[in-house]
Amino acid sequence: MEAFHLLTRGGTNFNKKKFERDVQLFNQSSKATAKGGASHQDHSELPPELDFFKYAQGGQPKRKGESSEGPKAKKQKLKESQDEGGSDNDQDSPAMGRQRVTAKGTNVPEPAETFRSLESRYELSSLLLGNLEKSGYHQPTGIQAHGIPILLEGRDLVAISPTGTGKTLSYLLPIISALSAPSSSSKQDTGCGVRALVLAPTRELAHQIHNECLKLAQGRKWKIMLFSKATANNLNDKNVRDKVDIVISTPLRLVAAMQSGSVELSNVRHLVLDEADRMLDAEFLSQVQEVIAGCSHPNVQKAVFSATLPAGAEQIAMGMLDNPIRLVVGLKDTPLPLIAQSLTYVADDASKVPTLLQYLSQPYNPPVLIFVSTQDRATSLAEELIINGTRNVDYLHAGMTKKERDDAVSRMRQGQSWVMICTEVMARGMDFKGVREVINYDFPQSVQSYVHRVGRTGRMGREGKAVTFFTNEDGPFLKTIANVILQSGSTVPEWILKLPKPSKMKRKEMGKVKRPETVQEARRVGRSDAIKKRDIITGSKRRKEKEKKPVSVFSNEAHEDSEGDVSS
DNA sequence: AAAAAAC
């Protein structure tokens, strides 16, 4: 209840002591099935997924009992790892290697079987190889094996690889290698401004990339800068400005810096757009174009990375690149098969809370990431859960202060949050190794959103689980998402696949149906009987739904071609 | 199709 008061005041400073106590409980774990509801299946120790440090050291995640450390030592280590980005890595999973890789373009370099093979081929420094080793990278993933040689040869690249397959390293390693290459022409220009630039759509992601970059560049004296309000001032100092080698930033931040004249991009040789489709959509495009225009050096290597790349975005990307190679790992716009996905029918918005509470009252693997559609709904759902006795509830959206956001992320990284409610901010790129369950409390608004959200789990070859709630109002995109789920190897109720593809008119119409601003409002508005009548579609129940549910909303539309069209 | 995010 204490936490609730804090929440209603708009603060996110959860009672740390309470959390610590809970974390201890958690460590003992056999007692962790407290009345609040959270429990997990490993009854011997901290769930391996939460033991971030073990991954950093390259241990096998699946095997328990392997850890030689007691909970105390672990806790200490977790503390030390606070604020360290999602930089722990574990690449030993055999599941990583099996994805099909296709490359299109001229003179495509041979993939690298091992990191070490790059040493002779591209004069990769032993220092960098050592840093790789230290960071727990042992065997390149598909995107790394194919992408790194391409970038090391200075080629432009469009890289499409599923969530959690190691895209970040794929572009950071070549940048770091190029910056340290003795023969590099950019060497003599050292001190004349930024040489490499990485753009990402959210601060949290930029922060995470920065951490990763710092780890790989250990032992170098480069200045690697994460742009933010705080660092903007430093840039006024010419000495600082000219010494920056690598910049990681969100677009608007960088554009602001450019306009104030506090950053010089004319020496940039490497430009990367992470989450490229997001960076190239309407809201970011002009900013990104401005940045690209600012990189005035005649020889800028450009690369774009994402798990999803709709045709429109790809076309824009291709227009920016010079004789690029296009790499696709696995299936485009599709979640990893390792993620077990399901759909849950919840009638209307008012029925979501009870459904979620029931879900959380059963054993699950914390932390679970819950996506909602608006900031208000994030805070009000957090309140609802806390009122109802759910423990270690946390939330994160972009309406919070930077500090609040940073704190929430670090609580997440430390395993203090069991239930993290968030908006779309967290959907892309964030690498929380411990997340094994994602719940789409509010239906995702695009295939891309769906793919990225559920991609917060199942990272680096580990298994994951994703549940998506849908209401009568979510009809228009239900079938599309169902097809995505099907394509990635999970099953969906048959009746959903038989739904007609809604026409544009219908979609427009449906779009006008307004979702209550907050979950409280939803409950007030909702029929009281709807709350009791919660139907969860699982297994055999699905069949029943098949006859009943679709009629009301989904079926009275002219049947168009109902072919499964997965890409938007 | 629309909210979120970017400052």
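The chains referred to below are lettered A, B, ... by the order of the sequence lines, with proteins before strands, and numbering in each begins at 1.
Under the 3.5 Å distance criterion, the side-chain polar atoms of A:Q208 are left unmatched by any main-chain donor or acceptor of A:E204. Under a 3.5 Å cut-off, the side chain of A:E437 and the backbone N or O of A:N365 do form a donor-acceptor pair. Proximity of a side-chain donor or acceptor of A:T457 to a complementary backbone N or O of A:V435 within less than 3.5 Å is detected. In this structure, the side chain of A:K167 engages the main chain of A:P162 through a donor-acceptor pair within 3.5 Å.
Summarising the geometry, the separation between OH on A:Y450 and C1' on B:dA2 is reported as 20 Å, rounded to the nearest angstrom. Straight-line distance from the CE atom of A:M426 to the P atom of B:dA3: 21 Å, rounded to whole Å. In this structure, CZ of A:R453 is placed 14 Å from C1' of B:dA5, rounded to the nearest angstrom. Regarding A:L273, its CG atom lies at a distance of 21 Å from the P atom of B:dA5, rounded to whole Å. A straight line from CG of A:L252 to P of B:dC7 spans 6 Å, rounded to a whole angstrom. The distance from atom CG of A:L205 to atom P of B:dA6 is 10 Å, rounded to the nearest whole Å. Atom CD1 in A:I248 sits about 17 Å away from atom C1' in B:dA6, given to the nearest Å. Atom pair A:D281:CG and B:dA3:P shows a separation of 14 Å (rounding to whole Å applied).
For A:R278, counting side-chain heavy atoms from C-beta on, the closest listed nucleotide (B:dA6, B:dA4, B:dC7) is B:dA4. For A:A398, whose side chain is taken as the heavy atoms from C-beta onward, the closest listed nucleotide among B:dA3, B:dA5, B:dC7 is B:dA5.
If you check the side chains of A:E424 and A:S449, you find a donor sitting under 3.5 Å from an acceptor.
Between A:T423 and B:dA5 there is a side-chain polar atom (N or O) within less than 4.0 angstrom of OP1 or OP2. Contact annotation: A:R377 does not reach the phosphate of B:dA4 (side-chain N/O to OP1 or OP2, under 4.0 Å). A:S373 has no side-chain polar atom (N or O) that falls below the 4.0 Å cut-off from OP1 or OP2 of B:dA4.
For A:Q375 against B:dA3, no side-chain N or O and base N or O form a donor-acceptor pair under 3.5 Å.
Residue contacts for A:P201: at a heavy-atom cut-off of 4.0 Å it reaches the sugar-phosphate backbone alone, with no base atom in range.
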